[in-house]
2 protein chains.
Amino acid sequence: MTDETEILRLGTRAADAVVRELEARIVSGALPDGAHLPPERDLIDTYGVSRTVVREAVAQLASRGLVESRPRYRPVVRRPGADAALAAAGGVVGHLLRESGGVKNLYDTRILIEGALVRHAALQARKADIAALARALAENEAAVPDSERFYATDVAFHAVLYDIPRNPILPAVHKAFTAWLAEHWTKMPRSPERNRVNWLRHRDIFTAIQDRDPDAAEAALTSHLNAAWEYVRGTFEGL
Amino acid sequence: MTDETEILRLGTRAADAVVRELEARIVSGALPDGAHLPPERDLIDTYGVSRTVVREAVAQLASRGLVESRPRYRPVVRRPGADAALAAAGGVVGHLLRESGGVKNLYDTRILIEGALVRHAALQARKADIAALARALAENEAAVPDSERFYATDVAFHAVLYDIPRNPILPAVHKAFTAWLAEHWTKMPRSPERNRVNWLRHRDIFTAIQDRDPDAAEAALTSHLNAAWEYVRGTFEGL
DNA sequence: GCCGCCAGTTTGGTCATACCAAAGGCGACT
DNA sequence: AGTCGCCTTTGGTATGACCAAACTGGCGGC
């Protein structure tokens, strides 16, 4: 009954209380973004628990993205954003990508979402959005000879599409997609010729959006992404 | 440089090695799904580390959804699925929803995705898919007088849309959406009249899909979801 | 012979303490 | 004033102990 929504439930440990306390101090702003957490030994007598519990609490906060904890440094408070949520999912996604069809499934999901985005852009984009797209497109073109820079501007061009709806969740989704797929994507063989083809596709997408033609925009986008998939599918046999 | 993709990096602890070991034993099937982890004291001398490290390793596995750890029970191995990934993100999402506009952003994202799904359904749905939709629609209609059952069949109807592409990520996304939005959604005032209106919208969506008309399907879907939003927006002022 | 109850054992949760190594701060020295 | 190096702070790990709840097995009753 209850386990439906509590797949990851950790149960009621003493650490949970400390987690809630610290959580409250973070969201209330008492521990502002960027500040570091008090030393563990302070938290011990602040909350009257053992260091074991304190450490587990901090670990939980880290796994939730509320604090950023590097090996021997003081944990840094991070007000969570949509990207933190996606980052938290990253660990599991890594496993999914290793399974058969995992990459394909994720990529198809991306195509689905990005297809919707270009439709949205074609219908809703403001002048400033189209200008931003044009700029990204120009930088993309300028980078054609340099494969590394082309990849960066390629990502940037697609990123603009995620920015247009002005929904902070979407750029985070894009970041997550690129991070998760980057491993497979960056090993794709590249060349100025290849880059130029991709740039042409980007231009098609841009033109369709500029023309306010959602069907053409979606068609150009899916064709672009599917072609890219076909191009790299050999990289990961059957994934 | 490196922190771009390592938002949640925990650094190199001794626990990480144990995590990798156990991870390997899980994905290799040596620890099959449903089995429970060896006792902590066994892991201690299996890997030659202290119990502190073992416990941290198990906690990390739990946060990644590879094991399910309830308070005083042996952790149970869970082969991760897409739903585990989304569940991992749940903790942070809870905070996002408390922020201004958080619910709206999440809901808009849902509309974007589900709009793409109905388009896809209108273009790609097979006979069996349409039959499943028809069945869900019928059950939805039958539940009109019973608001609680209506909510369940409502969710089930939308779920069919996420099943059609046969991409396991999408049903997990749907589960995540409903779980995250349920808190706000279930407190929406309901009545058989209201249910009937919603059912009519569902029928519109179904008809459009059956007619292979993606534009009509998307329009019906967005109209349906936006109307629902307007109806409940008073529930959470300005969220 | 089967089932339920109870004690002993196992096992996860917490505490206390100690030690190490690296980070960070402070002061001396140049 | 700037730099180098020592000392303190602080996170990471190891031990060992204890508790309470879960588990197990055997005993006794039905």
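Each chain gets a letter, A, B and so on, in the order the sequences are listed, and its residues count up from 1. Bear in mind that the values here come from a model prediction, so they are computed numbers and not experimental data. The analysis underlying the following values was restricted to heavy atoms, covering all of them including side chains, and did not include hydrogens, waters or symmetry mates.
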| field | Closest listed nucleotide, where the reference is the side chain of A/Tyr73 and the choices are C/dG24, C/dC15, D/dG11 | value | C/dG24

| query | Quick one: B/Gln60 CD to D/dG12 C1', roughly how many Å, whole number? | reply | 13 Å

| Could you state the CD1-C1' distance from A/Ile44 to D/dG11, rounded to the nearest angstrom? | 11 Å

| Separation of C/dG12 C1' from B/Arg72 CZ (nearest whole Å) | 6 Å

| field | Shortest non-hydrogen separation from B/Val160 to B/Ala132 and the atoms involved | value | CG1-CB, 4.1 Å

| Is the shortest side-chain N/O distance from B/Arg55 to OP1 or OP2 of C/dG13 below 4.0 Å? | yes

| Taking the side chain of A/Arg51 as its heavy atoms from C-beta onward, which of D/dG12, C/dC15, D/dT10 lies nearest to it? | D/dG12

| task | Please figure out whether B/Glu40 or A/Val49 has its closest DNA chain C nucleotide nearer the 5' end. | result | B/Glu40

| query | For A/Val67, which of A/Leu22, A/Ile26, A/Val76 qualifies under side-chain contact (heavy atoms from CB on, under 4.5 Å)? | reply | A/Ile26

| field | Heavy-atom donor-acceptor pair, A/Arg70 side-chain to D/dG11 base, under 3.5 Å | value | no

| request: Would you please confirm or rule out a distance under 4.0 Å between OP1 or OP2 of D/dA14 and any side-chain N or O of B/Ser50? | output: yes

| said: Nearest whole Å is fine: how far is C/dG13 C1' from B/Leu43 CG? | reply: 16 Å

| Below 4.0 angstrom, N of the basic side chain to O of the carboxylate: do B/Arg20 and B/Asp16 qualify? | no

| Separation of atom CG in A/Asp16 from atom P in C/dT14, rounded to whole Å | 8 Å

| Sugar-phosphate only, base, or nothing, as touched by B/Arg74 at under 4.0 Å among non-hydrogen atoms | sugar-phosphate

| query | Does the base of C/dG12 carry an N or O that pairs as donor and acceptor with the side chain of B/Arg41 under 3.5 Å? | reply | yes

| request: Determine whether B/Asn198 and B/Phe150 make a side-chain contact, defined as any pair of heavy atoms from C-beta on separated by less than 4.5 Å. | output: yes

